[in-house]
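Reading through the structure tokens given below for one structure.
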Amino acid sequence: RQVLLLRAFEADDAPPWTAADREWATRVARASLNADAPPARFVAERAHHAMQRLSPRDAGVRAALAGGYSPRPWTLVALGLGLLLGVAVDQIGPAQRINLLAPPIWALVAWNLLVYVLIVVRALGPAGMTGGLRGRLQALWRPRVGKAAPLQRFAASWAAATAGLNGARAAWLLHLAAAALAAGVVAGLYLRGLVLDYRAGWESSFLGADQVQPVLQLLLAPASALTGIAVPDAATLAAQQLGAAQVAQAPAAPWLHLYAATLLLFVIGPRLGLALGALTRIGWLRGHVAVPADEAYFQQLLHLADGRGASVWLLPHAAPVPAATALAVQQLLATLSAGSSQLQLAEPLPYGSEDDAGRCTPPPGTTLVLLAVDFAATPEAEVHGRLLDTLAARAPSARRVLLADATAFAQRMGHAPDRVAERRAAWQALADAKGVTLVTGDPQALQAALAG
């Protein structure tokens, strides 16, 4: 939670978090760990120290850190609602009569069997596949944070990181509620059976006793084996068939036992087993919330862990990068990483070499690729877009930033600001299409891009 919260604030180093705070957190984390500490420990330690500065400054941060999950209230709600709904089923047949072919209990059993099939389909489907009520219940554990952009970024990343955990929590509640619902139905059967005289019978326009008996024997076979109560033969069932004016006369107690056992076997037992499995998974996932360690932000932190800092490769396209731009990048990197980051300047890539794998492959360990282009040029998908695609293929783990300094062009076009805005919008459209960050000369934007 702390690591993802800090990442959300370091995306733009906006107040209350600054570049100076970033450098302080890095320095303190290094000092507090042994030399042989694993790099991942450095990431966690750095976030822990950062919260000591960030938390007192922002109430939203304190709320995000304090948010947690207590299973007891929701568990009680699931059990209570399930039991109340189950007991509230006022009858299993009209006028205290059980229609053996169509009691509402079979609808409950059929619904649960369908759920089991969907669980198997989901397990065999794509990873993360979810939906229905289980998917909507996951919103219960989405952090309630303020409207500030860093807090919203944290809420989104935390929801993604804990999707599996929250899915298990939702499954736990749903399985408990379903088991409680069936248990409430069973309790209602027996409670009403104590004070009401239920009678059993059946009716059908198309089936006779010879067809009904095998059907009931098949459906109730597991319950019959569990209780030792046999399903009556065809002759007995024939006597229990109801006509237009007949009233059910057969005692319902044996059938109530069979239906209660059916719910136990097909609903209560399996649902409790699934709930136990979900609870076990919750316990495991609570200790295994993964962060997207392959992202450039975390790769940069892992470099900082051993003092190497970020490894930045500056690739000019079609023309040498201006000396002022290279110097600004170098100074900002030194400030952000306490001098531990490295800047490597590549030879300008000639126009037409956008597919040259050799010249578009950064040095090993590169965490950030800066592609410097001429802002005055018209961005072309077949040129600049293809080059960005080549860089993505040659350095998939490195973050890419499109560096198009608009300063000189804006000075030349001071009389036509619309032309500057139009060109900036064109470069932004290309950057958005390729999923990269665009920096057009603003020092703060450049600092945020380098900070990652």
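We use all heavy atoms of the structure for the numbers below, so side chains are in, but hydrogens, waters and symmetry mates are not.
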Give me the atom names and distance for the closest heavy-atom approach of [X] to [Y].
{"X": "W313", "Y": "A346", "value": "NE1-CB, 3.4 Å"}
{"X": "A261", "Y": "L226", "value": "CB-CD2, 4.1 Å"}
{"X": "R30", "Y": "F42", "value": "CG-CE1, 3.8 Å"}
{"X": "T390", "Y": "E354", "value": "OG1-O, 2.8 Å"}
{"X": "T262", "Y": "W106", "value": "CG2-CZ3, 4.0 Å"}
{"X": "A290", "Y": "A161", "value": "O-CB, 3.6 Å"}

Using a 3.5 Å distance criterion without hydrogens, assess whether the side chain of [X] forms a donor-acceptor pair with backbone atoms of [Y].
{"X": "N34", "Y": "D36", "answer": "no"}
{"X": "R169", "Y": "I282", "answer": "no"}
{"X": "R153", "Y": "L4", "answer": "no"}
{"X": "W17", "Y": "L54", "answer": "no"}
{"X": "S32", "Y": "A29", "answer": "yes"}
{"X": "R57", "Y": "P16", "answer": "yes"}
{"X": "D21", "Y": "T18", "answer": "yes"}

Do W172 and T75 meet the criterion of a side-chain donor-acceptor pair at a distance under 3.5 Å?
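W172 vs T75: donor-acceptor pair found between side chains.
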[X] vs [Y] side-chain heavy atoms within contact, under 4.5 Å:
{"X": "Q344", "Y": "P362", "answer": "no"}
{"X": "V3", "Y": "F298", "answer": "yes"}
{"X": "R22", "Y": "R46", "answer": "yes"}
{"X": "L403", "Y": "P316", "answer": "no"}

What pairs of residues pass the ring pair (Phe, Tyr, Trp, His ring centres under 6.0 Å) test when at least one of them lies in residues 263-291, not counting sequence neighbours?
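Counting only pairs at least two positions apart or across chains, the ring pair (Phe, Tyr, Trp, His ring centres under 6.0 Å) contacts touching residues 263-291 are W284-H288.
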In sequence, state the C-alpha distance, the side-chain angles, and the governing distance for V186 and Y259, and then conclude on side-chain contact (heavy atoms from CB on, under 4.5 Å).
CA-CA 8 Å; V186 171; Y259 288 136; over 6 Å; no
Classify the angle between the aromatic ring planes of Y351 and H317 as parallel (below 30°), tilted (30 to 60°) or perpendicular (above 60°).
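If you compare the ring of Y351 with that of H317, the planes turn out tilted.
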Quick one, T440 with W427, criterion side-chain contact (heavy atoms from CB on, under 4.5 Å). Give me CA distance, side-chain angles, the key distance, then yes/no.
CA-CA 9 Å; T440 58; W427 280 110; 5.6 Å; no
For R399 and T367, what are the C-alpha separation, side-chain angles and deciding distance, and is it a side chain to side chain donor-acceptor pair (under 3.5 Å)?
CA-CA 6 Å; R399 191 162 51 88; T367 59; over 6 Å; no
Worked check of side-chain contact (heavy atoms from CB on, under 4.5 Å) between V436 and L391
CA-CA 11 Å; V436 301; L391 292 172; over 6 Å; no
Between [atom1] on residue [X] and [atom2] on residue [Y], distance to nearest 0.5 Å:
{"X": "R424", "Y": "F409", "atom1": "CZ", "atom2": "CZ", "answer": "10.0 Å"}
{"X": "L219", "Y": "L258", "atom1": "CG", "atom2": "CG", "answer": "11.5 Å"}
{"X": "Q428", "Y": "T437", "atom1": "CD", "atom2": "OG1", "answer": "9.0 Å"}
{"X": "N112", "Y": "H175", "atom1": "CG", "atom2": "NE2", "answer": "10.0 Å"}
{"X": "L79", "Y": "L181", "atom1": "CG", "atom2": "CG", "answer": "11.5 Å"}
{"X": "R400", "Y": "L370", "atom1": "CZ", "atom2": "CG", "answer": "12.5 Å"}

Would W158 and V289 satisfy side-chain contact (heavy atoms from CB on, under 4.5 Å), going step by step from the backbone distance to the final call?
CA-CA 9 Å; W158 181 249; V289 176; 4.2 Å; yes
Neighbour count >12 (heavy atoms, 6.0 Å) for atom CZ, R419:
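Not more than 12 within 6.0 Å, no.
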Counting only heavy atoms not in E347 (residues, nucleotides, ligands), do more than 12 fall under 6.0 Å from its CD?
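Atom CD in E347 is not packed in, count stays at 12 or less.
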Test applied, side-chain hydrogen bond (donor to acceptor under 3.5 Å, both in side chains); reference residue, D389; option that passes from K434, H384, R394
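Single pass found, and it is K434.
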Result of checking L388, V401, L349, L314 against L371 for side chain to side chain contact (heavy atoms under 4.5 Å, CB included):
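Running side chain to side chain contact (heavy atoms under 4.5 Å, CB included) over L388, V401, L349, L314 with L371 returns exactly one hit, L388.
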